[in-house]
Amino acid sequence: MQYFTQLAVEPGGIVQAYDGQIVHASLETRYQQLHVDQGSITPGANGTVEVDVSLVNVGSPAAGQLLQRPSGQAYVREGFLAGPLEPIDSAGPNADFVR
């Protein structure tokens, strides 16, 4: 099972955060949003993006369980509403995480 978190900045600067499951169907990958989360963006030269997700929402991993190859990607939308998403940064997946 694959999970994702998503943090979006809506028009007017409103921050929305979600988590859900990645669904592979035929030749398509879908990101199914399942929960609303707390999220924040810290502005500045080395700012951070944070999405707080309940462990229940990601399969309830036990203490000591290995979460393989977590990664992150950042996109920016060109134009308004339905403009394309362009990648701007990424991190991982070259390190595992032990809960």
Side-chain angles (χ1 to χ4, degrees):
M1 184 76 58
Q2 289 180 293
Y3 301 94
F4 74 95
T5 62
Q6 178 182 46
L7 190 132
V9 180
E10 304 292 338
I14 297 169
V15 175
Q16 304 286 348
Y18 309 94
D19 73 76
Q21 293 180 0
I22 298 174
V23 179
H24 299 287
S26 187
L27 299 175
E28 177 175 89
T29 299
R30 299 179 189 158
Y31 294 84
Q32 182 179 9
Q33 292 176 340
L34 298 175
H35 309 99
V36 176
D37 300 308
Q38 294 293 319
S40 63
I41 297 175
T42 304
N46 294 313
T48 60
V49 172
E50 180 177 327
V51 179
D52 297 319
V53 177
S54 170
L55 290 176
V56 173
N57 296 356
V58 291
S60 299
Q65 186 170 355
L66 181 67
L67 303 176
Q68 295 181 330
R69 300 183 349 232
S71 62
Q73 297 174 333
Y75 296 86
V76 65
R77 184 171 306 281
E78 291 183 355
F80 292 100
L81 300 177
L85 288 172
E86 296 294 332
I88 57 173
D89 196 11
S90 65
N94 44 4
D96 294 338
F97 177 77
V98 177
R99 175 179 164 347

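Numbering of residues begins at 1 and proceeds along the displayed sequence. Note that the structure is a prediction, hence the values are computed from the model and not measured.
- Of the listed residues (Q6, Q21, Q16), just one forms a side-chain hydrogen bond (donor to acceptor under 3.5 Å, both in side chains) with Q33, and that residue is Q6.
- V53 and L55 fall within a single hydrophobic cluster, where Ile, Leu, Val, Met, Phe, Trp and Tyr are joined by side-chain heavy atoms under 4.5 Å apart, directly or via other members.
- Taken to the nearest 0.5 Å, the CD atom of Q32 stands 8.0 Å off from the CZ atom of F4.
- Inter-residue side-chain proximity for D37 and N57 is flagged as met; some heavy-atom pair is nearer than 4.5 Å.
- Atoms OG1 and CD, from T5 and E50 in turn, are 10.5 Å apart once rounded to the nearest 0.5 Å.
- In terms of heavy-atom proximity, V51 sits nearest to A17 at CG1-CB, 4.1 Å.
- By the criterion of side-chain heavy atoms lying less than 4.5 angstrom apart, applied directly or through intervening Ile, Leu, Val, Met, Phe, Trp or Tyr residues, V9 is grouped together with V49 in one hydrophobic cluster.
- Between L7 and S40, the shortest heavy-atom contact is CD1-N, 3.6 Å.
- Taking CD1 from I22 and OH from Y31, the interatomic distance works out to 4.5 Å, rounded to the nearest 0.5 Å.
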